[in-house]
Student: 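Can you read through this structure? Questions will come right after.
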2 protein chains.
Amino acid sequence: MRAAEPVGRWLSVAGPESDIVVSSRVRLARNVADVPFTTKAKPAEQTRVIEATRSALAEGGYLDDGGFVDDEQLTDEHARFLLERHLVSPDFVENKVKRGLYVSRDETLSLMVNEEDHLRIQSLAAGLDFAAALGQAFRLDEELESRLGYAFSPQFGFLTACPTNVGTGMRASVLVHMPGLVLTKEIDKVLRGAAHIGLMVRGLHGEGSETRGNFFQVSNQKTLGQSESEILETVTEICRQVVEYERKAREYLVENLRAEVEDKVFRSLATLRSARILTSNEAVNLLATVRFGVSLGIINEISLPEVSRLMILVRPANLQVLLGETLKPPERDERRATFVREALVK
Amino acid sequence: MRAAEPVGRWLSVAGPESDIVVSSRVRLARNVADVPFTTKAKPAEQTRVIEATRSALAEGGYLDDGGFVDDEQLTDEHARFLLERHLVSPDFVENKVKRGLYVSRDETLSLMVNEEDHLRIQSLAAGLDFAAALGQAFRLDEELESRLGYAFSPQFGFLTACPTNVGTGMRASVLVHMPGLVLTKEIDKVLRGAAHIGLMVRGLHGEGSETRGNFFQVSNQKTLGQSESEILETVTEICRQVVEYERKAREYLVENLRAEVEDKVFRSLATLRSARILTSNEAVNLLATVRFGVSLGIINEISLPEVSRLMILVRPANLQVLLGETLKPPERDERRATFVREALVK
């Protein structure tokens, strides 16, 4: 459906603070008026939402710059491929109801139909850049609202399947790389501080999954009683503080523990360049350390976008799409090692 | 006293089966007649043994091709340096009595004075080669016997401080590298078999130290009731069997788990070539895996003697002599990494 090699534009270009902030994401939860929420809707109603959305996207010109798939076309394998690329949510992959999905060609904008809500608009931007992410999300949002009609209460705002999303229906999050604070053991303090002022902190893949490679997702918990711009200001401000802490930790490390950091970085790169068997988890963790080394200027021959690209391509579904083969895990681990070695040994 | 770079000839040349058998060692325990055993001897008597031995060595021409040091000249640092080179025993290093030591220039022959016995002759040969080791040990033994006169009983043979050495006073041992049997998990069975027929199996540095890098020392336990040649035949025969088992294990691994073995080998080499901090233990373990890779033909650009040389030079006392500096452990670990990297990156 899509060439496997390129990854989302939000990963392949640099953005503000992108040595620390990988990406900014805005997600809007919306529901079509006069249709029961996804879990209460009958299959025919679910299908109606999918088809109405497809038409709205087509009329708005969105399908000229992206693709739409429905349940018939969306295999489990392809759903996992998209999950690894941060374009759909784990819930969407697991969902047993009829689903639909739009993804823009540059993979910065996606729309899940019949996830928890009828519509989940998601917009991604490189680095700390909510303006870019929000602008794009709002354009699609307005397009859909005008054609579909949303469930909206003048008192509460947008109505959503889960009360925690009522109001703006917006979640704003940043994916932050904080190896410095992990190494100086200050990370817990910083995370507790963020939680204390009402932000949520999670590992790389959202709820229920472990934190890998020292990546953390920081997002707002409140959706009610604040405007979109107030939410974004809060998240941005906290994010800037976190970035500041991480920079201080990195300065400390470079000044006081340079050999230890270089040791970690060079060992990770050497392992990626020489292993014959690599699991997805190990590859992601090693690449995360290499990312740290690139950010610190310890490694110069590899760029951050190149590291980000590899972090997506080494994951199981993406690797298989890339290789054009379905492989059992042991074979996959060997092929992954070969792929990474060839990508990094120049 | 001695240039640090070269290591013993028993390590720097290839010998029979030397892909598996690192070295063969013969040790003879002897005591001078009419002088109490070392622990019972008065300081003046201990000194007398040292001086008599020095004279005997000089008269036999041994000092032309090696050096003799006594307690005054032997620093703790130098004793550890020699221990790491397998030229003295841990007991000799710890010994509080007056000691003397002869080491031949090529480091294949040494003589400890006032270890547990008055004299401990030790001879080393590359690979499985007791003929070479024994020949050299016997030549020195005869030289000393004729000049010093040994404590000898026609009924029991050579008399020694510990009853377990009475008779031939000989211990014959091989240092065997068995990563194959460790990986196939058959090592315990093989070691139990060797113990069952009266051989002793120990880790790299003899009693009390852990086995590092999958090196094992196999030696005879009996010294009484068998002639020297019978002992050597037994140890050689068992060693050949052990070598055969190890070869079979390696064949199995190469045929069935080639990727796993290559992965281990290439990661180890890459870590040695890129680490910025290396402890002595880690370096020895990684070099042992590289040795395995060289033996299997997975690594071609490094020779076995080169690996053996590095395994000695990375150890703390040797490294410090090599660098000409006394260093604290953290600094030593950094300098060790630099030394290894420069030695292996060509």
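The structure displayed is predicted, hence computed values, not measured ones.
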Student: Nearest 0.5 angstrom please: A/Glu334 CD to B/Glu262 CD, how far?
Tutor: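 Going from CD on A/Glu334 over to CD on B/Glu262, the span is 9.0 Å.
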Student: If you compare all heavy atoms of A/Ile277 against all heavy atoms of B/Arg267, which two are closest, and at what distance to 0.1 Å?
Tutor: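 Smallest interatomic distance, heavy atoms only, reads O-NH2, 2.8 Å.
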Student: Does the B/Asp263 side chain pair with the main chain of A/Ala275, one donor and one acceptor, at a distance under 3.5 Å?
Tutor: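 Side chain of B/Asp263 to backbone of A/Ala275, a donor-acceptor pair under 3.5 Å: no, none is there.
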Student: Just checking B/Arg9: does its CZ atom have more than 12 heavy atoms from other residues, nucleotides or ligands closer to it than 6.0 angstrom?
Tutor: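 Incorrect, the count does not exceed 12.
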Student: Please identify which of these residues, B/Arg276, B/Arg273, B/Arg341, meets the side-chain contact (heavy atoms from CB on, under 4.5 Å) condition with A/Phe266.
Tutor: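 For A/Phe266, the side-chain contact (heavy atoms from CB on, under 4.5 Å) test succeeds with only one of B/Arg276, B/Arg273, B/Arg341, which is B/Arg276.
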